[in-house]
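Input: a single structure, listed below in structure tokens.
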Amino acid sequence: MLVTTSRDPSSKARRFARALGSFLSLPYVNRGKQGLGGEETWLVVIEDHGNPAGLIKRTGDEAEQLSFRLSIEPDGRRLGRGTAKVAGKGAMASTIAQFFELELIGEIAPARGRIIWVAPNTIDFMDDGQARFGLKI
């Protein structure tokens, strides 16, 4: 899986795409004018008026979309490699785990590690108990 932005992205969209790629230990690709080809799975950050507003997961001819609004801005620091897991309850946690192709660990998140915490209407990207960025869905 690769992370990129739409063509001619804003600086906020690029910063978010890099932070997401770093959090998920996925490569960020500065796409420029090249298309999304091949059998790779792409997470494309889309924007609305210069602000990140969603992700499109594109695999071949299939596409899924996750719309959001940033609630906590990424701090811009790169993270070391690590494996993220999804924690939360209900159908939304399961949907997020499937979207990012990650393991769902249930309702209780461990204090250490890289966790995507799914709560009603919010998704928080936590690293060792500290929020790196957050989304309102």
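Please read all numbers here as calculations on a predicted model, not as lab measurements.
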Please report the closest heavy-atom contact between [X] and [Y], naming both atoms and the distance.
{"X": "R114", "Y": "G80", "value": "NH2-O, 2.7 Å"}
{"X": "A13", "Y": "T5", "value": "O-CG2, 3.8 Å"}
{"X": "P52", "Y": "L70", "value": "CG-CD1, 3.9 Å"}
{"X": "Y28", "Y": "R14", "value": "OH-CG, 3.5 Å"}
{"X": "W42", "Y": "V29", "value": "CZ3-CB, 4.1 Å"}
{"X": "V3", "Y": "G21", "value": "CG2-CA, 3.9 Å"}

Under 3.5 Å, is there a donor-acceptor pair between the side chain of [X] and the main chain of [Y]?
{"X": "E47", "Y": "S10", "result": "yes"}
{"X": "D124", "Y": "M126", "result": "no"}
{"X": "T4", "Y": "V44", "result": "no"}
{"X": "T59", "Y": "E62", "result": "no"}
{"X": "D128", "Y": "R112", "result": "no"}

With rounding to the nearest 0.5 Å, note down the distance linking [atom1] in [X] to [atom2] in [Y].
{"X": "R78", "Y": "S22", "atom1": "CZ", "atom2": "OG", "answer": "6.5 Å"}
{"X": "L104", "Y": "T95", "atom1": "CG", "atom2": "OG1", "answer": "10.0 Å"}
{"X": "W117", "Y": "K85", "atom1": "CH2", "atom2": "NZ", "answer": "14.5 Å"}
{"X": "R132", "Y": "D75", "atom1": "CZ", "atom2": "CG", "answer": "5.5 Å"}
{"X": "Q65", "Y": "I46", "atom1": "CD", "atom2": "CD1", "answer": "4.0 Å"}
{"X": "L20", "Y": "L26", "atom1": "CG", "atom2": "CG", "answer": "7.0 Å"}

What about [X] and [Y], same hydrophobic cluster or not, with Ile/Leu/Val/Met/Phe/Trp/Tyr joined at side-chain heavy-atom distances under 4.5 Å?
{"X": "V118", "Y": "I105", "answer": "no"}
{"X": "I115", "Y": "M92", "answer": "no"}
{"X": "M1", "Y": "L24", "answer": "yes"}
{"X": "L79", "Y": "F133", "answer": "yes"}

A side-chain contact here means heavy atoms from C-beta on lying under 4.5 Å apart; do F100 and V86 qualify?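 No; the side chains remain at least 4.5 Å from each other.
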Heavy-atom side-chain proximity of F125 to I72 below 4.5 angstrom: no
What about F16 and F68, are their ring centers closer than 6.0 Å? yes
After noting the C-alpha distance and the side-chain angles of L55 and V45, does the key distance pass the side chain to side chain contact (heavy atoms under 4.5 Å, CB included) rule? CA-CA 5 Å; L55 289 170; V45 176; 3.7 Å; yes
Tell me which one of L135, I123, L102 satisfies side-chain contact (heavy atoms from CB on, under 4.5 Å) with I96.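 Checked L135, I123, L102 against I96; only one passes side-chain contact (heavy atoms from CB on, under 4.5 Å): I123.
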Kindly check if the number of other-residue, nucleotide or ligand heavy atoms within 6.0 Å of NZ (K57) is above 12? yes
